[in-house]
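Both ligands and their constituent atoms are indexed starting at 1 by order of listing. Remember, predicted model here, so these are calculated numbers, not experimental data.
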Amino acid sequence: MDNTEAHEPGDATNKTMCVLPWIHLCASIDGVYGRCCVDDAMYHNELYEQQEEPVFTLADDAVGCSPGSRYAKDNPDRVMGPEEAFNSPNMKRTRLAMLRGERVEACNYCYAREDRGAQSYRQDINRKFQHELNAAADRTAADGSVDDFPFFLDIRFGNTCNLRCVMCTYPVSSSWGAKQRPAWSPAVIDPYRADEELWQTLRENAHLIRRLYFAGGEPFLQPGHFALLDLLVETGNAGNVDVVYNSNLTVSPERARELFPHFKSIGIGASCDGVGEVFERIRVGGKWEDFLENVRRLKTEVDLWIQVSPQRENLWDLRNLLEFARTEELDIDLANVVQWPEEMSVANLPEEEKPRATAELTKLMAWCVEQGWDKPAAHLGALRSFMNSTDPTNLVHEGTS
Ligand SMILES: C[S@@+](CC[C@H](N)C(=O)[O-])C[C@H]1O[C@@H](n2cnc3c(N)ncnc32)[C@H](O)[C@@H]1O
Ligand code: SF4
């Protein structure tokens, strides 16, 4: 299939380019590097469902893995640090393919969303980093390499988490791990904490870091997350860095609150999938009152918004969530639609319930428009088309940075 595009690489309407391979590196919970957090080549969660320890083969187009990763043992020739990962053979190939206007298989998640009329992470990020997008072609050497260290990092410092949300799983949450991990794999995974090369590289390049995205696991429980904040404060670079989180905000953010004033900006997507009882039913182990207290404490100190993962369990509570956000004077983001586990996806609502759900979403969209709330209205529209799509695959789990 010919996927080539006539658009210039720096044109934000370009159908294949993504600025992330030029500015960003993702490092997953289990130590695999990615072009971004929705890199199709990065995740192999099915391995953790095996009773016997399987061979941890990396996908051919995966970027590589860190020394502390379980993948390192089975892929010794693809073990690397972040600098090498950023200019690894697959990253270089990705850049050159994008510059030629070709689609890159690892980026299918975004292309699939766009093909169904939804917004993709690629499109959002290209708009945010238009200047870097314009400069991408000029910064690329003939072999696809680029000189600078990525200024935008998404390192998942392990899976430690206090909750066991119904739509989450092991290895993403250690609490899920305590319940359902296979005997050969520990509940808590943290491939980066003891990775001296990583910490040395972060220290040497601290002055180049401009943006961090933290998720997990639960970032406010991750020692590595605190170590990176401390490192940036210590080296005097924190003031250049925008920090963005997804957090369950059911744990005390006190230590982080002390560090926040050092940074250029702090944004927190407070994950919230329902109000009161619905919150506690979905976010198992979390207390609505704790969440509320933390939200109210932090909302005056940082840029805080409500981050919803729409799913069957909360489809009928979205009105309450919207009203809650409105009352608390908070923005709300409903873009991260649950696709997996399939049975929790709104796409798998019984067909006879879909007309009623469509009508409800249409009413909610009208309500948002009346309030001048265009972004949630657009997200609800995308949710409605996702629910009614005949092929609702790969529409979800986007980074919110
Ligand atoms: C994996 S969590 C990690 C950060 C933190 N523990 C939290 O809950 O915000 C990041 C985001 O992914 C969402 N999420 C969890 N499971 C999901 C799924 N199956 N599909 C889509 N999003 C999901 C969460 O609700 C959260 O907003
Ligand atoms: S709080 Fe986040 S990481 Fe923990 S179980 Fe819930 S979604 Fe997963």
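Taking the ring centre of Trp373 as origin, the terminal cationic atom of Arg326 falls inside the region bounded by 6.0 Å and 45° from the ring axis. No cation-pi contact links Arg210 to Phe151, judged by a cut-off of 6.0 Å to the six-membered ring centre and 45° from its axis.
Distances between N or O atoms of Met167 and those of ligand 1 include at least one value under 3.5 Å. Backbone and side-chain nitrogen or oxygen atoms of Trp340 are examined, and one is located within less than 3.5 angstrom of a nitrogen or oxygen of ligand 1. The shortest N/O to N/O separation between Gly217 and ligand 1 falls below 3.5 Å. Ligand 1 has no nitrogen or oxygen under 3.5 angstrom from a nitrogen or oxygen of Gln307.
Among all non-hydrogen protein atoms, the one lying nearest atom 7 (S) of ligand 2 is Arg283 NH2, 3.6 Å.
Sorted by first and then second residue, the side chain to side chain donor-acceptor pair (under 3.5 Å) pairs involving residues 174-185 (not counting sequence neighbours) are Thr169-Gln180, Tyr170-Ser185. Pairs passing the salt bridge (charged side-chain N to carboxylate O under 4.0 Å, His left out) check and including a residue from residues 316-325, sequence neighbours excluded, read Arg319-Glu360.
Residue Arg283 touches ligand 1 through its side chain alone, judged by heavy-atom distances below 4.0 Å. Using a 4.0 Å cut-off between heavy atoms, Cys165 makes no contact with ligand 1 at all. Looking at Val172 against ligand 1, only its side chain comes within 4.0 Å, counting heavy atoms.
Of all atoms in ligand 1, numbered sequentially from 1 with element shown, those under 4.0 Å from a heavy atom of Glu218 are 5 (C), 6 (N). For ligand 1 and Asn336, the ligand atoms under 4.0 Å from any heavy atom of the residue are 12 (O), 13 (C), 21 (C), 22 (N), 23 (C).
Electrostatic pairing of Arg70 and Asp74 counts as a salt bridge here, judged by a charged N lying under 4.0 Å from a carboxylate O. A salt bridge is defined here as a Lys NZ or Arg NE, NH1 or NH2 lying under 4.0 Å from an Asp or Glu carboxylate O, and Asp230 with Arg255 meets this definition.
Between the Gln222 side chain and the Ala215 main chain, a donor and an acceptor come within less than 3.5 Å of each other. Counting only distance, with no hydrogens or angles, the side chain of Glu280 and the backbone of Gly285 share no donor-acceptor pair below 3.5 Å.
Among protein atoms, those of element N, O or S found less than 2.8 Å away from atom 8 (Fe) of ligand 2 are Cys168 SG.
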Please set out all donor-acceptor pairs under 3.5 angstrom arising from side-chain atoms of residues 84-91, sequence neighbours excluded.
residue : atom : partner : partner atom : Å
Asn87   : OD1  : Arg95   : NH1          : 3.0
Asn87   : OD1  : Val146  : N            : 3.0
Asn87   : ND2  : Val146  : O            : 2.8
Ser88   : OG   : Ala85   : O            : 2.8
Ser88   : OG   : Met91   : N            : 3.4
Asn90   : OD1  : Arg93   : NE           : 3.2
Asn90   : OD1  : Arg93   : NH2          : 2.8
Asn90   : ND2  : Asp60   : O            : 2.9
Asn90   : ND2  : Ala62   : O            : 2.8

Which is it for Asp39 and Tyr33 under the side-chain hydrogen bond (donor to acceptor under 3.5 Å, both in side chains) test, yes or no, and what are the steps along the way?
CA-CA 9 Å; Asp39 182 333; Tyr33 295 108; over 6 Å; no
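Checking each of Trp199, Phe226, Phe220 against Phe157 for a ring pair (Phe, Tyr, Trp, His ring centres under 6.0 Å) leaves exactly one that passes, namely Trp199.
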